[in-house]
Amino acid sequence: MTRQQRMRVELPAIIALGGNLGDREATIRAAVAAIGRLPGVKIAAASSLVESAAVTPDGIDETAPAYLNAVIRVRTSLDPEALLAALHGIEADLGRERIVHWGDRTIDLDLISHAGSMRETETLTLPHPRAWQRAFVLEPWLEIQPDARLPGRGLIADLARAATDTVTPFPAAPLLARPPVAEALR
């Protein structure tokens with residue numbers, strides 16, 4: 001390990017995963033594996049899978065296929081824009097097509113929070129602008145980080161109680177085969 005690698009600062013980030021087309025579980029598992037292979041990214045925790053109805057700008061779309069969702073917590077040396085670009089690359093590799101805004105998709109990878117920073121650029125808003133309202137983000141995040149806070153919004157537990165959408169547990173094996181070594185030592 002070089003001195004530069006040892007000095008690289010790793011910051012926490014939260015990534016939400018979801019999809020409602022194709023083999024949803026296999027695609028989410030492939031996305032988690034791909035995120036874990038990104039240089040400068042280490043997965044610290046992964047939630048269980050939950051299922052949710054499709055949400056559109058007009059509300060719940062009961063006619064659309066249901067989503068499968070999860071949240072992962074990572075430590076990363078990538079800045080938020082670089083991490084988001086890497087996530088978009090994984091989406092493309094897994095067949096994501098951006099045809100209809102808020103439309104059905106094989107995979108959606110959203111950067112929810114990055115080291116508690118608040119920022120807005122042409123390509124990125126942190127924290128994610130709608131995460132505070134979405135049970136499909138809040139419930140899985142609460143599972144892996146019960147004391148988490150969303151900058152500018154408050155405790156995830158409080159936000160999850162106030163969310164108006166609902167999620168149901170999805171029976172599946174854990175997304176991570178075993179806890180990462182760093183987490184097991186804490």
Side-chain angles (χ1 to χ4, degrees), residues 1-2 5-6 8-52 54 65-99 102-115 123-124 126-128 131 134-146 148 156 167-186:
M1 180 180 289
T2 68
Q5 288 171 320
R6 284 191 309 270
R8 188 180 289 173
V9 175
E10 291 182 342
L11 300 171
I14 298 295
I15 300 167
L17 305 91
N20 72 335
L21 296 177
D23 186 338
R24 303 169 305 163
E25 182 180 349
T27 304
I28 287 175
R29 289 182 184 284
V32 170
I35 292 166
R37 289 190 300 271
L38 289 173
V41 176
K42 296 176 187 162
I43 298 177
S47 74
S48 301
L49 292 167
V50 297
E51 199 166 35
S52 65
Y67 275 79
L68 205 56
N69 304 95
V71 167
I72 61 172
R73 184 167 45 93
V74 302
R75 297 210 43 91
T76 182
S77 59
L78 300 178
D79 65 49
E81 288 78 11
L83 181 55
L84 183 63
L87 295 176
H88 286 171
I90 292 169
E91 287 178 339
D93 290 347
L94 292 174
R96 166 84 188 260
E97 294 178 346
R98 295 179 183 271
I99 299 169
W102 289 34
D104 296 336
R105 60 202 74 163
T106 55
I107 190 71
D108 187 25
L109 303 176
D110 286 330
L111 181 55
I112 304 300
S113 176
H114 189 284
T123 58
L124 177 66
L126 287 174
H128 188 283
R134 305 292 166 80
F136 60 81
V137 172
L138 300 168
E139 292 291 337
W141 188 358
L142 184 61
E143 176 190 337
I144 62 173
Q145 194 177 12
I156 296 305
V167 298
T168 57
F170 185 82
L175 289 173
L176 296 179
R178 59 184 171 78
V181 174
E183 286 297 303
L185 298 176
R186 286 188 190 172

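At least one side-chain heavy atom of Arg29 sits less than 4.5 Å from a side-chain heavy atom of Leu175. Looking at heavy atoms from C-beta onward, Gln145 lies out of side-chain contact with Ile156 at the 4.5 angstrom threshold.
Leu78 is linked by a side-chain contact (heavy atoms from CB on, under 4.5 Å) to Val41, Thr76, Ala82, Leu83, counting only residues two or more places apart in sequence or in another chain. Residues satisfying the side-chain contact (heavy atoms from CB on, under 4.5 Å) test with Thr106, not counting sequence neighbours, are Leu21, Arg96. In this view, Leu11 and Val9, His114, Ala115 satisfy the side-chain contact (heavy atoms from CB on, under 4.5 Å) rule, not counting sequence neighbours. Partners of Ala86 under the side-chain contact (heavy atoms from CB on, under 4.5 Å) rule, at least two apart in sequence or in another chain, are Leu38.
Atoms CD1 and CG, on Ile43 and Leu176 in that order, are 5.5 Å from each other to the nearest 0.5 Å. Going from atom CD1 of Ile112 over to atom CD1 of Ile72 covers 11.0 Å, rounded to the nearest 0.5 Å. Note: Ile144 CD1 to Ile14 CD1 = 5.0 Å, rounded to the nearest 0.5 Å. Going from atom CG of Leu94 over to atom OG1 of Thr27 covers 6.5 Å, rounded to the nearest 0.5 Å.
Here the shortest heavy-atom pairing between Ile90 and Ala31 reads CG2-CA, 4.2 Å. Looking at every heavy atom in both residues, Asp79 comes nearest to Glu81 through OD1-N, 3.0 Å. When all heavy atoms are compared, the tightest approach of Ile28 to Asn69 is CD1-N, 4.2 Å. Contact record, Gly18 with Tyr67: C-CD2, 4.2 Å, taken as the closest heavy-atom pair. The shortest heavy-atom contact between Ala131 and Val137 is CB-CG1, 4.2 Å. When all heavy atoms of Pro140 and Val50 are compared, the closest pair comes out as CG-CG2, 3.8 Å.
Residues in residues 39-52 take part in these salt bridge (Lys or Arg N to Asp or Glu O under 4.0 Å) pairs, two or more places apart or across chains: Glu10-Lys42, Arg24-Glu51.
Remark: the backbone N or O of Ala66 is not paired with any side-chain donor or acceptor of Asn20 at under 3.5 angstrom. Ser47 contributes a side-chain N or O that, together with a main-chain N or O of Val71, makes up a donor-acceptor pair within less than 3.5 Å. Between the side chain of Glu91 and the backbone N or O of Leu109, at least one donor-acceptor pair lies under 3.5 Å.
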